[in-house]
Amino acid sequence: MNIDGVKLLNFSNIEDMLGKQIELSEEGGKFPFKIRRIFYSYATERGTVRGAHANRESEFVLISVSGALKVRVDDGEREKVYDLKSPSMGLYIPRMVWKEMYDFSENNVLLVISNKHYDSTEYIREYGEYRKEILDEK
């Protein structure tokens with residue numbers, strides 16, 4: 001995979017006099033995969049870098065449901081930075097893309113949705129190992 005597969009997803013706001021809500025659905029092409037795992041991080045201190053890994057099998061959608069953050073993606077040759085600052089925006093990250101989340105705003109809540117259950121063996125946590133594997137794949 002390369003960073004060309006990374007894409008921003010826009011979710012529709014449903015508004016009424018009570019406020020706004022966003023529905024995430026696997027049906028009707030609104031979501032890029034079947035959901036197997038959902039988790040979120042919060043109370044991330046300024047200066048913290050989360051992620052710093054690639055996954056051999058897992059795909060992710062990252063959504064900043066509160067606050068903002070930056071996501072750097074890297075395919076071993078190119079990198080790109082995305083600003084996530086709206087709960088109606090998600091970032092789809094396919095398998096074998098290095099990711100780092102940083103520059104978290106105060107009160108940020110990052111929702112992470114994946115197509116796979118957690119399996120520590122499919123994580124690549126050393127960038128040098130990632131580059132070697134990604135180059136071997138090509």
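Salt bridge status for Arg56 with Glu129: present, with a side-chain N to carboxylate O gap under 4.0 Å.
Take Glu126 and apply the side-chain hydrogen bond (donor to acceptor under 3.5 Å, both in side chains) test, not counting sequence neighbours, and it matches no residue. Qualifying side-chain hydrogen bond (donor to acceptor under 3.5 Å, both in side chains) partners for Tyr127, counting only residues two or more places apart in sequence or in other chains: Asp74. Tyr123 is linked by a side-chain contact (heavy atoms from CB on, under 4.5 Å) to Arg37, His53, Asn55, Phe60, Tyr118, Arg125, counting only residues two or more places apart in sequence or in another chain. For the side-chain contact (heavy atoms from CB on, under 4.5 Å) test, residues two or more places apart in sequence or in another chain that qualify with Arg36 are Lys34, His117. With sequence neighbours left out, Glu57 forms a salt bridge (Lys or Arg N to Asp or Glu O under 4.0 Å) with no residue at all. Leu8 pairs by the side-chain contact (heavy atoms from CB on, under 4.5 Å) definition with Tyr82, Leu84, Met89, Leu91, not counting sequence neighbours. Listed by chain and number, the residues in a side-chain contact (heavy atoms from CB on, under 4.5 Å) with Ser41 are Thr44, Arg50, Leu110 (sequence neighbours excluded). Ser120 pairs by the side-chain hydrogen bond (donor to acceptor under 3.5 Å, both in side chains) definition with nothing, not counting sequence neighbours.
Scanning both residues, Tyr130 and Val97, for their nearest heavy atoms gives OH-CA, 3.8 Å. Listed here is the closest heavy atom pair of Pro32 and Val61: CG-CG2, 3.9 Å.
In this structure the side chain of Asn107 never reaches within 4.5 angstrom of the side chain of Tyr42, judged on heavy atoms. At a threshold of 4.5 Å between non-hydrogen side-chain atoms, the residues Leu111 and Ile38 count as touching. Two residues are said to be in side-chain contact when any heavy atoms from C-beta on lie closer than 4.5 Å; Ile22 and Val65 fail this criterion. When side chains are defined from C-beta on, Lys80 does not count as touching Val6, because their heavy atoms never get closer than 4.5 Å.
To the nearest 0.5 Å, atom CG of residue Leu24 and atom CD1 of residue Ile63 are 4.5 Å apart. For the atom pair OG (Ser64) and OH (Tyr40), the distance works out to 14.0 Å, reported to the nearest 0.5 Å. A distance of 5.0 Å separates CG in Asn2 from CG in Asp75, rounded to the nearest 0.5 Å. The CD1 atom of Ile134 lies 11.5 Å from the CH2 atom of Trp98; values are rounded to the nearest 0.5 Å.
Contacts classified as salt bridge (Lys or Arg N to Asp or Glu O under 4.0 Å) and involving residues 97-116 (residues at least two apart or in different chains) are given here: Arg46-Asp103, Lys70-Asp103, Arg72-Glu100. For residues 85-94, the set of pairs meeting the side chain to side chain donor-acceptor pair (under 3.5 Å) definition, not counting sequence neighbours, comprises Glu59-Tyr92, Ser86-Ser88. Every pair passing side chain to side chain donor-acceptor pair (under 3.5 Å) that includes a residue from residues 4-22 is listed here, sequence neighbours excluded: Asp4-Arg78.
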Step-by-step side-chain contact (heavy atoms from CB on, under 4.5 Å) determination, Ile35 to Asn115: CA-CA 5 Å; Ile35 297 169; Asn115 68 325; over 6 Å; no
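Phe11 and Ile14 fall into different hydrophobic clusters, where Ile, Leu, Val, Met, Phe, Trp and Tyr are joined by side-chain heavy atoms under 4.5 Å apart, directly or via other members.
Other cluster members for Val81: Val49, Tyr102, joined by side-chain heavy-atom distances under 4.5 Å among Ile, Leu, Val, Met, Phe, Trp and Tyr.
When only modelled atom types and interatomic distance are considered, Asn108 and Ser66 share no side-chain donor-acceptor pair under 3.5 Å.
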